[in-house]
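In this text the structure is predicted, and so the values were computed from the model without any measurement. For ligands, and for the atoms within them, numbers begin at 1 and follow the listed sequence.
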Amino acid sequence: MTSHSPDRTQSTMLHINNLQKSFGELAVLNGVNLEVAQQEVLVIIGPSGSGKSTLLRCVNHLEPPTGGEIYLEGVLINDTTKSRRAFESHLNRIRCEVGMVFQQFNLFPHMTVLENIMEAPIQVLGVRREEARQAAISLLDRVGLADKMDNYPCMLSGGQQQRVAIARALAMKPKVMLFDEVTSALDPELVGDVLRVMEGLARDGMTMLVVTHEMGFAEKVGDRVIFMADGLVVEDAPPQEIFSAPKEARTRQFLAEVL
Ligand code: ADP
Ligand code: MG
């Protein structure tokens, strides 16, 4: 067990009950059940198209689920019975509490690195400019890029841009961070720096859901790994168990292909 392993007496951060998501006829999530403890690092693996991204996107409401419940610290944060419009007022709060980083970094190209990080705290949280600036500088320090604060994104490597994207998400002081294949688009030599930032976050106690193909990271940093297929959680186990002795045939087959 690593030092950041969740204290099981701690309460649940995220509880997902029978989550369903369809796009028209296509059923993508078929009843996902999941519990994530405070400070836990949950790694999500599975074949392409199994619904990993859709699951994360439902958690922060980039996609409205079609069924089931999502609770954040015991508070229901989705409502499939009301109209989307009725729910709109909740969305900002959810987006603040749940940070997300994508494969494509999507930094604002016309803003400096520092401005990218300051933007949402000022615009959404109403933080004063100087305070946002100081917070952004310390976040940049944390991801090892304090010397790049006045650069524009196009002047940075992919790995540096991704670390800025992580700092930008952290600037909203989220309770949970979602990472969707954040190193998949990077040149191999840039992957390590990004994974080290994520490892540091885990060590500092951030609750994280991480979709990744980096099995080394899963093994070292993950508290638990879930294997998804066809919109369901097929297997849910500690990393050492899932990598050395997977119980389900589909997990074994998947791991044999990727390892
Ligand atoms: P994964 O991240 O595991 O590769 P995704 O969650 O991206 O899987 O996708 C699961 C399935 O949902 C795929 O068949 C994909 O084509 C489909 N899908 C995802 N997003 C949409 C969308 N906005 N509209 C229609 N189909 C979608
Ligand atoms: Mg995906």
Donor on one side chain, acceptor on other, S11 and Q38, under 3.5 Å: yes
pair L34-R224: side-chain heavy atoms closer than 4.5 Å: yes
ILVMFWY network linking L62 to V176, side-chain heavy atoms under 4.5 angstrom: yes
Connected hydrophobic set around M155, excluding itself, where side chains approach under 4.5 Å: Y152
Same apolar cluster: L156 and I117, side chain cutoff 4.5 Å: yes
Heteroatoms of the protein, restricted to N/O/S, which lie under 2.8 Å from the Mg ion (ligand 2): S53 OG
Sub-4.5 Å side-chain heavy-atom contact between P64 and K21: yes
Single-linkage hydrophobic cluster L14~M172, side-chain heavy atoms < 4.5 angstrom: no
For ligand 1, the residues whose heavy atoms come within less than 4.0 Å (ordered by chain, then number): F23, L26, V28, P47, S48, G49, S50, G51, K52, S53, T54, E63
L56-L232 co-clustered via ILVMFWY side chain contacts under 4.5 Å: no
Qualifying residues under side-chain hydrogen bond (donor to acceptor under 3.5 Å, both in side chains), relative to E35, sequence neighbours excluded: T12, H15
